[in-house]
Amino acid sequence: MKDPYNFTPLIAAIVSCLLLTAASATNPVPSIVGPVIPQAVVPGSRAFVLHVYGAGFVSGAVVNWNSKPRTTAFVSARELQAQILASDVAAPTAGYISVTNPSPGGGKSSSSYGLVEVHSPTSAVVPNPPKAYDVRTPIWSTVTADFNGDGILDLVSGSSGLLSLLGNGNGTFRFAALVDKNLTTPPLGMAFGDFNGDGLLDLAFTQDSGVAVLEGNGKGGFRTVGSFGNFTFVHRVVVGDFNGDGKLDLAVADSGGKVSILLGNGDGTFGAQTDYTSLDYPFDIAIADFNGDGILDLAVLSNTNQGAVSIFLGNGDGTFGSPNTITLGSGVGFNSFGITVLVSDFNNDGKSDLAILQNDKIAVLLGNGDGTFHAVVYHNTNGGGNAMSFTAGDFNSDGKTDLAISVENGHKLSVFLGNGNGTFKRLTSVLTGPGSSTGIVPGDFNSDGLLDFILQEDTGDYVYTQQ
């Protein structure tokens with residue numbers, strides 16, 4: 001039939017435009033946030049469904065168990081469900097969880113990972129004697145990730161320089177590279193991710209008025225790319241794809257009074273910063289999807305005389321809305337060393353919760369999943385004014401999130417074992433360390449299914465595996 005109104009060229013143009021738009025659409029780099037559920041299973045368990053939470057998931061995303069893809073169901077931009085095989089959990093091991101989004105854009109969740117500990121529950125956290133590394137100067141920051149792609153966690157520690165150590169898979173490490181021996185200042189914060197799209201992990205770390213970026217060579221070595229941003233004094237840097245373009249970006253907490261976003265160019269460099277300046281002394285920063293829309297949000301800690309955490313909800317284009325600020329407590333400040341705000345899931349409901357270390361107290365805020373939180377509940381660390389840092393993880397492999405706290409005076413590590421409903425058992429002492437602790441970093445360094453940890457001390461990194 002003849003087209004009397006000559007619509008055929010118009011229809012063809014519309015179809016062509018739609019096809020071009022679909023072809024040019026870019027998938028975000030996915031992020032895993034908080035623990036997967038379950039985060040621990042008993043060896044010999046049957047096959048099960050793993051729930052993975054985060055942001056930037058798309059239809060066609062695949063969950064990987066130790067880099068091996070597993071059948072995956074897309075639930076939403078913040079949740080995936082994967083079929084884990086009985087053979088995956090037949091013996092004690094660590095199951096490292098990553099997510100891969102399809103192209104264009106997309107790629108692997110290189111700046112974050114999840115962990116399933118395959119081990120029978122233990123009644124207590126009992127560490128072996130530590131192995132000491134990088135004993136030259138006090139350690140200010142440590143990150144652990146698989147920098148050489150062999151499926152084993154490696155370390156980069158920051159003091160007056162950066163030292164790279166490759167994991168041997170048995171809880172010990174070997175020298176890889178002295179990355180930089182003359183830093184302007186010891187880095188208070190470090191983060192990792194594939195910033196240039198070559199499939200290898202890179203590094204970003206704080207340096208006075210900027211963020212330094214290093215390109216990884218896949219062997220534990222790094223090459224300097226440059227320094228980005230203009231800040232007063234950088235306390236922390238975190239990584240995520242904030243505008244969904246398939247390139248990792250940076251978020252920076254600057255004590256000069258601003259939180260800044262630097263969008264990635266995809267080649268290891270970053271564009272001009274966008275500042276959010278409505279905060280008093282931004283001190284620490286964490287990312288998560290707090291309102292369940294699949295877009296990364298920010299939680300920023302302010303070191304005021306009352307202490308406050310501000311929630312910036314992401315718009316998905318690299319910008320953020322006005323903050324919702326929650327006052328934490330009058331006269332309660334923060335230390336100046338390790339991590340003081342973190343995201344986890346303390347009640348196993350799949351919603352992101354917050355924990356904040358305020359000197360000798362831990363403030364826990366359970367998330368409602370819509371960007372708001374329950375009332376603050378405090379837990380006393382008995383730190384005598386010297387609780388320096390903390391972390392979250394399932395340290396006794398019972399599937400419930402615990403809190404571990406390092407204390408400077410007395411060089412102690414203590415643990416609140418979680419009940420799985422947002423509450424915790426009585427604080428228990430785990431060990432007395434060798435020096436003044438500036439931080440604690442968790443990881444299963446011997447892949448036996450029990451979570452291990454590193455204490456950053458004034459005399460080096462001390463790696464503790466569990467018995």
Side-chain angles (χ1 to χ4, degrees), residues 35 39-43 66 89-97 113-135 139 141-148 150-157 163-176 220 338-339 388-407 411-418 428-435 437-467:
Q39 57 182 315
V41 296
V42 175
N66 287 332
V89 297
T93 189
Y96 288 98
I97 306 302
Y113 57 85
L115 179 63
V116 178
E117 293 283 53
V118 185
H119 197 285
S120 298
T122 63
S123 59
V125 178
V126 183
N128 290 303
K131 302 289 186 181
Y133 299 91
D134 199 10
V135 296
I139 306 300
S141 57
T142 302
V143 293
T144 179
D146 182 10
F147 289 104
N148 66 343
D150 63 355
I152 300 170
L153 288 178
D154 310 310
L155 304 180
V156 176
S157 62
L163 180 67
S164 173
L165 299 168
L166 297 179
N168 295 317
N170 60 0
T172 66
F173 296 83
R174 64 189 185 275
F175 175 81
I339 298 296
M388 287 291 102
S389 188
F390 76 145
T391 193
D394 182 8
F395 288 96
N396 61 342
S397 288
D398 65 351
K400 303 167 186 176
T401 304
D402 313 313
L403 288 167
I405 306 99
S406 63
V407 178
H411 321 313
K412 298 177 182 178
L413 178 78
S414 301
V415 174
F416 285 109
L417 294 178
T428 59
S429 178
V430 172
L431 61 84
T432 299
S437 178
T438 58
I440 176 171
V441 180
D444 189 348
F445 302 116
N446 56 1
S447 294
D448 66 349
L450 277 176
L451 196 59
D452 310 312
F453 56 89
I454 299 168
L455 283 183
Q456 297 170 185
E457 302 279 359
D458 58 359
T459 54
D461 268 332
Y462 288 78
V463 179
Y464 293 85
T465 57
Q466 282 209 64
Q467 297 181 16

Does some side-chain heavy atom of Val143 sit less than 4.5 Å from a side-chain heavy atom of Leu155? no
What closest approach, in Å, do Pro35 and Thr401 show between heavy atoms, and which atom pair accounts for it? CG-OG1, 4.0 Å
Any donor and acceptor pair, going by atom type alone, linking the side chain of Asn168 with main-chain N or O of Asn170 inside 3.5 Å? no
Compare all side-chain heavy atoms of Asp154 with those of Leu165 and state whether any distance is below 4.5 angstrom. no
Find out whether Phe445 and Thr144 are in side-chain contact, i.e. whether some heavy atom of one side chain is under 4.5 Å from a heavy atom of the other. yes
For Tyr113, give me all partners under ring pair (Phe, Tyr, Trp, His ring centres under 6.0 Å), at least two apart in sequence or on another chain. Tyr96
If I take atom CD1 from residue Ile440 and atom OG from residue Ser389, how far apart are they, to the nearest 0.5 angstrom? 7.5 Å
Are side-chain heavy atoms of Lys400 and Leu417 found at a separation under 4.5 Å? no
Where do Asp394 and Gly399 come nearest, in terms of heavy atoms and distance? OD2-N, 2.7 Å
Mind checking whether Tyr464 and Leu413 have side chains closer than 4.5 Å, heavy atoms only? no
Below 4.5 Å, heavy atoms only, C-beta onward: do Ile139 and Tyr133 meet side chain to side chain? no
Donor-acceptor pair, distance only, cut-off 3.5 Å: does the side chain of Asp146 make one with the backbone of Gly151? yes
Which atom names give the shortest non-hydrogen contact between Val415 and Ala404, and what distance separates them? CG2-CB, 4.1 Å
Grab the two heavy atoms, one from Asp448 and one from His119, that are nearest each other, plus how far apart they are. O-CD2, 3.2 Å
Asn128 pairs by side chain to side chain donor-acceptor pair (under 3.5 Å) with which of Thr465, Asn446, Asp452? Thr465
Tell me, do Phe173 and Leu166 make a side-chain contact under 4.5 Å, heavy atoms counted? no
Reported OG-to-CD distance for the pair Ser406 and Glu457, which is rounded to 0.5 angstrom: 8.0 Å
Could you pull out the closest heavy-atom pair between Ala94 and Leu115, with the gap in Å? CB-CD1, 3.9 Å
Quick one: does Glu117's side chain have a donor or acceptor within less than 3.5 Å of a partner on Asp398's backbone? no
Quick one: does any side-chain atom of Asn66 pair with a main-chain N or O of Gly95 as donor and acceptor, under 3.5 Å? no
Report yes if some heavy atom in the side chain of Val441 is under 4.5 Å from a heavy atom in the side chain of Gln456; otherwise report no. yes
Main chain of Gly449, side chain of Ser397: is a donor-acceptor contact present, judged purely on distance under 3.5 Å? yes
Taking every heavy atom of Leu153 against every heavy atom of Gly443, the minimum-distance pair comes out as CD1-CA, 4.0 Å
